[in-house]
Every structure is written in C-alpha cells, then in structure tokens.
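Scope of the values below: all heavy atoms of this structure, side chains included, with no hydrogens, waters or symmetry mates.
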Amino acid sequence: MSASDANSSAKTQTTSGGIGIANLPNQLHKIVTKKGTNLSIMVVGESGTGKTTFINTLLTTELIEPLEDAARRKKQMDKTVDINIHKAELEEKMFNVKLNVVDTPGFGDYVNNNDCWLPVVDFIENQYEQYLRQEQQPVRKGVVDMRVHACLYFIRPNGHTLKPLDVRAMKAIGARVNLIPVIAKADTLSPTALRQFKKRVMDVIDAQSIRIYQPPVESDDEAMTVRNKDIISAVPFAIIGSTQEVKTADGRHVKGRQYPWGVAEVENDQHCDFKKLRSLLIRTHMLDLISTTEEVHYDKYRTTQMKTRKFGEPKPRKVDNKKFREEEEMLRKRFTEKVKLEENRFRQWEQKLIAERDRLNKDLEQEHNLVKQLESEIEAISNVNSPNGKFFRK
Amino acid sequence: MKDGSGEDQNVAPSVYSHVSRPGSHRYKNAKKGLPFNVMLVGESGLGRTTFLNTLCERMVVSKAEKTNTEQAHIAEPMQFKHHTVEMEEDGMKIILNIIDTPGFGDGIDNENCFMQIQEYLESQFDEVLAEENRIKRNTKFKDSRVHALVYFITPTGHSLREIDIEMMRRLGSRVNIIPVIGRSDSLTPRELVLFKQRIMNDIAQYEIPVFSFPNGEDEEDEETVEENAELRAMMPFAVVGCEEVVNEDGRPVRVRNYPWGMVQVDNDEHSDFDRLRYVLLNSHIGDLRDRTQNEIYELYRTEKLSGATVADAMDDMGGLQHGAQMASVA
C-alpha cells in the first residue's frame with residue numbers, strides 16, 4: 001500500500017514546482033557556449049569552380065588566399081591531388097567555433113583523373129581512424145577531432161548532366177561523409193537551364209544510389225518545417241560567390257558580380273541559393289551535420305573496423321598508391337646504394353689493414369731471420385772457442 | 001525543351017552587311033560554293049552545340065539526347081559528328097562542313113582523345129595524298145581536310161589546364177587552332193581581360209602553336225596588318241551561345257536571358273562572337289584554307305613521304321652515330 005502511495009506521489013511531483021530538472025537546458029546552453037564547438041568543412045571540385053571564393057564569401061573573410069599565377073601553373077603540371085587545411089577561429093556573440101576548411105587542389109584537373117578521389121576518401125577515413133585511436137588511449141583529454149562534418153562537392157555547370165568523374169567521386173565520398181552537392185558558378189545558366197540541370201543531377205544521383213546529406217525536415221516549429229522544405233527543394237545548391245561589393249542598377253550596394261548586362265547578386269534568392277546553403281551549413285543545421293557525422297558515419301566506420309580488428313591494434317596498411325610505391329622504390333634503391341657504398345669503404349679499409357698487417361709481418365719475419373742469422377753466427381763463434389774449436393781455426 | 005526553341009531560325013542581325021571591311025573578299029568567288037571544314041572541340045557544356053547553331057543561324061543540332069541515368073558513371077567514347085550547312089556570306093556561297101566531337105574530355109581518363117583527333121586529321125591528309133598520286137584523278141574529289149579547329153577553353157578564370165595545353169600542343173601542327181573561351185558570360189569584364197592575358201602567357205610560355213593571324217609574306221596593305229594585330233590582341237575569343245531571340249524595337253536580337261540582365265550575343269561589348277564569325281566565314285576564310293593547304297598539308301606530306309627513308313638511314317647510321325656520341329662524351 002505504501003509502495004503505490006509512493007508511486008502516485010512521484011507522478012504528481014512534476015506538476016508542482018518541480019526539483020529543477022527543467023533548468024537543465026539552460027545549464028547545457030551555458031556549458032556549450034563556454035566550450036564552443038569544432039566544425040570541419042571540406043570543399044572538393046575541379047580548379048576554377050569557385051571553391052576558394054565560396055569559402056571566403058561564406059565566412060565574409062579571406063580565409064583562403066587565391067593562388068598566384070606561377071604557383072598555379074606549377075600545380076597544373078604536378079598531377080597530384082593535395083589536401084590543404086585552413087584553420088580559423090570564429091566568434092559571434094561570445095560563441096566560439098574552431099573552423100577547419102579542407103581544400104583539395106588538383107582534383108579532376110588533369111588529363112588522366114583516375115582515382116583522383118582516393119586522397120579525399122583516405123583523408124576522411126584517416127580522421128575517423130585518428131579519432132578512434134585517441135578514444136582508445138588511456139588518457140583521453142585533449143582529443144583532436146578533425147572529422148569532416150560536411151563535404152561540398154562542386155559540380156561544373158555544363159548544363160547537361162553529371163560527368164562520370166562526378167558520379168564515381170560522389171559515390172565514394174557520400175558513403176563516408178555528409179555530402180552536399182553544389183552547382184558552381186551558377187550565373188552562367190539561365191533559370192530554365194538551371195532547373196533542368198538540377199533535375200537531371202538529382203535523377204542521376206537517385207539512379208546511381210549516391211548518398212547525399214538529407215537534413216531533417218519535420219520540426220516542432222511550423223516555420224522551421226517550411227524553411228527546411230524550402231532548403232531541401234533547392235538541392236543541389238546553385239552558387240554564385242563574391243567577396244566584392246558592387247552597386248546595382250537601382251543603387252543598392254550588394255555583394256555580387258558586375259557584368260555589363262547587370263549585377264548577379266550573391267544574397268538574392270532569385271539569383272542563386274547561397275543564402276539557403278549558408279543557412280544549412282551554419283545557421284540551422286550545423287548541429288545536425290555534426291551529430292550525423294558522429295552518430296552515423298563515424299559509427300559505421302567504427303563498427304566495421306572493430307569487427308575485424310582487436311582493441312588497440314593499428315590499422316593494416318592498404319595497397320599503396322602507385323605514386324607512393326614509386327617513391328618507396330626510389331628510397332629503397334637509394335638506401336641499398338648507400339649501404340653498398342659503406343660496405344665498399346669498409347672492405348677497402350679492411351684490405352688496407354690486411355696489407356699493413358702483412359707488411360708488418362714481413363718486417364717481423366725479416367727481423368726474425370736476421371736474428372736467426374746472428375744467432376747462428378754467435379753459435380758458430382762460440383763453437384770456435386769450444387774444445388773442438390782448434391779444428392775450425394783458420 | 002528550352003525557351004525559345006520554337007524559333008528554329010535565329011538570324012543574326014547583319015550589322016556588317018553595309019560595312020565593307022578591308023580585304024574581305026580575299027578568295028575568288030566560287031559558284032558552286034566554297035567548301036570550308038571546321039572542327040569543334042571542347043568538353044561538353046562549354047557551348048559547342050549552341051555555338052554551332054548560332055554560327056549557322058539555325059538549329060542544326062538540337063540539344064543532345066540525354067543518356068540513361070543508369071549509365072551516367074560510364075564515360076561515352078568520343079564521336080565525330082558531321083553536319084553540312086550552306087551559308088551565304090557577303091554574296092559568297094560557302095559550304096560549311098562542321099565536325100563536332102561530343103565526348104571529348106568527358107571521361108575520367110582522356111589520354112585517348114588526342115590520338116583519335118590526330119588520326120582523324122591525318123587520315124584526311126592521307127586521302128588527299130593518295131588522290132594526288134593517282135594516275136587518273138577524280139575531279140569531283142571532296143577535300144575534307146580540316147581548315148580550322150575551334151577549341152573551347154573552360155572559363156575557370158585562372159589559366160590553361162593540362163588538357164588544353166596537351167591538346168593544342170599535339171594538334172597545332174596538323175590544323176589551324178583557334179582557341180576560344182566558351183560560356184564567357186561567367187566572367188566579369190575585368191576577369192575576362194586577366195584570363196585572356198594569362199592564357200596568352202601560357203601559350204607563349206609553352207610554345208603552343210595556335211593560329212595567330214599571320215600577315216602574308218608580302219602583305220603591304222596597312223589596314224590588313226592592323227586588322228591582324230587587332231585580332232591577335234583579342235585572342236582568345238570570348239563566345240556565348242544564343243538561347244533565344246527576342247524582339248527589340250522590331251529587330252530580332254539574339255540573347256541569353258538572366259534574372260539580372262540580358263546578354264546580347266552580337267554585342268561586341270558582351271562577347272566576341274560576331275568578330276569570330278566574321279573571321280571564320282569572311283575575312284580569314286581564305287587565309288585558313290591557304291595555310292592548311294600550303295603549310296600544314298605540305299609539312300605533313302614531307303614528313304610522311306620522307307618518313308620511310310629517314311628511318312632506314314637512321315638504321316645504317318645507327319652504329320656510326322652511336323660511335324660519334326661515345327667519342328663526344330669521352
């Protein structure tokens with residue numbers, strides 16, 4: 001009887017005053033605000049698609065400096081895909097964000113682009129690996145988390161369809177990270193052409209089972225749901241990037257690109273989807289991007305790795321890139337050559353020593369012979385003085 | 001389908017018909033029509049097809065049939081598609097043969113594309129060579145040597161890409177290459193100027209052979225020399241393709257319509273299309289044909305005919321040469 005009493009009293013507890021559980025979100029807010037957060041965005045696409053400009057437009061600051069002509073020319077001939085990381089710390093109303101932007105110069109830029117998405121995929125998986133290892137350490141403080149939360153794939157606005165390179169790269173990338181397809185330099189497609197292109201891209205994405213980031217639509221707030229639906233319907237996002245302010249025909253000062261025939265505005269929803277994408281990345285869905293990365297993609301990686309590896313075991317090395325194999329071969333060759341050189345040196349040294357020893361031995365023998373000779377002479381003379389000596393007197 | 005596709009004739013306003021440029025009739029008026037073969041090369045989406053339609057002033061090729069989405073991960077091999085259009089330019093009849101190359105540079109590994117084009121160009125030369133050496137020649141022989149290759153450069157705004165450099169380098173000795181910037185309406189005027197400069201720097205640095213409006217050996221006409229210099233300064237030509245024709249003050253104007261403005265294809269301040277068209281079909285059609293016949297074809301011919309003997313000689317001299325080399329090293 002007392003038990004049921006206790007139960008019923010527990011139920012009524014919530015309605016009267018409460019014990020302060022409802023204050024938990026406020027506490028959480030304070031904690032999160034103080035801790036700040038970590039956000040990593042990757043930009044992938046051929047050179048000249050406006051990746052650098054987009055990032056600088058998004059952050060309203062020149063985080064990435066555009067390459068100089070000479071450096072760019074050199075990069076054209078080097079036939080590799082690099083991974084460049086740019087770090088920044090953003091602060092807005094006391095809230096800190098440590099931002100990492102990962103750039104991939106060289107992707108898709110060459111005549112032969114086979115496997116050019118492998119360095120990208122490797123980077124993403126390495127971050128998971130690093131995090132996994134750090135979690136397994138006895139001391140877990142100060143974990144460095146570089147896991148990529150969103151990967152923006154820049155599609156060339158060719159107006160027809162996705163290229164085979166895009167399809168293969170997006171497939172590989174989308175399976176491992178939140179992939180957000182973006183139509184670059186969209187100010188070269190008329191509205192009709194753009195609509196058709198977007199539809200075509202989505203058709204190919206569906207048909208090829210490419211996995212892209214799906215932001216959650218439903219939310220408690222009706223307005224939010226509407227906004228979410230709006231954002232999702234714009235995928236893939238058509239982007240115009242510009243860090244410059246220009247004046248429009250009707251006298252407004254906006255960020256945009258000035259053509260002889262008009263000004264294409266960055267923040268005008270009729271011109272491009274920049275505002276929607278910015279909202280997705282930062283304003284409304286940043287948390288979802290982070291949590292999806294942790295709960296879905298990282299978890300998938302972790303599960304597959306742990307099934308095959310023991311706790312604490314290092315990751316088995318995959319078959320290496322051809323280029324690395326070549327480098328390895330070269331290093332090995334150089335190493336063997338060096339070893340040979342040293343061996344030769346030692347051998348010569350040894351021979352010198354042997355020669356020296358022989359010479360000394362010879363000297364010794366000579367001396368020895370001399371001594372012997374003297375000895376025998378002495379003996380001969382001493383024999384002369386002996387009883388039988390008169391026979392030997394000359 | 002796209003807007004304005006109901007118009008199957010997009011006629012260029014003939015801005016130049018009343019202006020006679022110096023030296024525009026460089027080639028004798030052929031009654032049957034002057035054959036002119038042009039190849040268009042460039043990655044898909046750079047406006048090749050639209051350029052073709054705009055150049056011929058009619059819908060020669062409708063937008064390409066979209067392939068199956070399930071096949072989207074497989075690269076389509078490059079094809080050579082022929083179109084013939086009869087044009088009339090300044091009273092001169094031209095039989096324009098256009099060779100389009102859909103599939104160029106669209107794959108993941110594009111090494112083969114250059115070889116394919118080179119083989120095509122050379123096989124046309126081979127045909128002419130064979131015809132020349134025939135005892136009884138065919139008077140109706142159709143000369144299908146390519147007189148000009150229009151190469152579309154992606155408007156990255158930076159500089160030439162590896163595929164551009166390789167392409168022009170390898171084929172520059174087999175055909176007159178005219179580099180153009182496709183979809184140039186994605187660059188602001190300032191960006192366009194810088195981009196053109198960087199491209200010309202690259203062309204100079206890598207010694208890429210492109211058609212650079214050379215003056216004839218005894219070119220005395222000052223206006224011609226000036227014109228050529230002007231054209232050289234304009235290279236590479238920035239082109240945009242016409243998407244629709246609108247009516248402005250009763251005249252048809254070829255445009256591209258954007259929410260922020262309207263690009264006029266034939267407006268010299270918006271694009272170099274008109275100038276390029278004039279060069280191809282009028283002012284330099286003779287030069288392009290002549291250079292193909294007198295320089296490019298002759299070079300190929302010499303190489304091909306002496307190719308066999310040079311190789312034999314090399315074999316005989318092989319030992320000698322090697323010996324000479326050794327001597328010089330020592």
If we ignore hydrogens and angles and just use 3.5 Å, is the side chain of [X] paired with the main-chain N or O of [Y] as donor and acceptor?
{"X": "Gln258(A)", "Y": "Lys247(A)", "answer": "yes"}
{"X": "Asp106(B)", "Y": "Ser44(B)", "answer": "yes"}
{"X": "Ser184(B)", "Y": "Val239(B)", "answer": "yes"}
{"X": "Asp185(B)", "Y": "Val263(B)", "answer": "no"}
{"X": "Arg48(B)", "Y": "Gly42(B)", "answer": "yes"}
{"X": "Arg257(A)", "Y": "Ser186(B)", "answer": "yes"}

Which region of [X], side chain (C-beta onward) or backbone (N, CA, C, O), has a non-hydrogen atom less than 4.5 Å from a non-hydrogen atom of chain B, or is it both or neither?
{"X": "Gln208(A)", "result": "side chain"}
{"X": "Val263(A)", "result": "backbone"}
{"X": "Leu189(A)", "result": "both"}
{"X": "Lys163(A)", "result": "both"}
{"X": "Glu46(A)", "result": "side chain"}
{"X": "Thr49(A)", "result": "neither"}

Where does [X] contact chain A at under 4.5 Å (heavy atoms): side chain, backbone, both or neither?
{"X": "Phe195(B)", "value": "neither"}
{"X": "Ile165(B)", "value": "side chain"}
{"X": "Asp202(B)", "value": "both"}
{"X": "Gln205(B)", "value": "side chain"}
{"X": "Arg256(B)", "value": "side chain"}
{"X": "Glu111(B)", "value": "both"}

Contacts with chain B made by residues 237-244 of chain A (heavy-atom distance under 4.5 Å), listed by residue number: Ile240(A)
How about [atom1] on [X], more than 12 heavy atoms from neighbouring residues, nucleotides or ligands closer than 6.0 Å, or not?
{"X": "Glu245(A)", "atom1": "CD", "result": "yes"}
{"X": "Lys171(A)", "atom1": "NZ", "result": "yes"}
{"X": "Arg174(B)", "atom1": "CZ", "result": "yes"}

Under 4.5 Å, counting heavy-atom pairs only, tell me which of Val111(A), Asp109(A), Asn113(A) racks up the most with chain B. Val111(A)
Picking from Gly48(A), Pro164(A), Gly108(A), which has the most non-hydrogen pairs under 4.5 angstrom with chain B? Pro164(A)
Can you measure from OG1 (Thr50(B)) to CE (Met59(B)) and round to the nearest 0.5 angstrom? 9.0 Å
Checking side-chain polar atoms at under 3.5 Å, does Asn110(B) have a donor or acceptor matched by the opposite partner on Tyr110(A)? no
State, without any angle test, whether Asp164(B) and Tyr151(B) hold a side-chain donor-acceptor pair at a distance under 3.5 Å. yes
Using a cut-off of under 4.5 Å for heavy-atom pairs, which of [options] has the most such pairs with chain A?
{"options": "Ser159(B), Gly105(B), Ala75(B)", "value": "Ala75(B)"}
{"options": "Glu166(B), Arg198(B), Gln264(B), Glu269(B)", "value": "Arg198(B)"}
{"options": "Leu187(B), Thr156(B), Leu46(B)", "value": "Thr156(B)"}
{"options": "Ile163(B), Ile108(B), Val240(B)", "value": "Ile108(B)"}

Aromatic rings Tyr120(B) and Phe80(B): how do their planes relate, parallel, tilted or perpendicular, breaks at 30° and 60°? parallel
Would you call Arg275(B) and Asp266(B) a salt bridge, taking side-chain N to carboxylate O under 4.0 Å as the test? no
Please report the C-alpha distance between Glu265(A) and Lys255(A) in whole Å, then the side-chain angles of each, then the deciding distance to 0.1 Å, and finally whether the salt bridge (charged side-chain N to carboxylate O under 4.0 Å, His left out) criterion is met. CA-CA 6 Å; Glu265(A) 300 169 39; Lys255(A) 268 207 299 239; over 6 Å; no
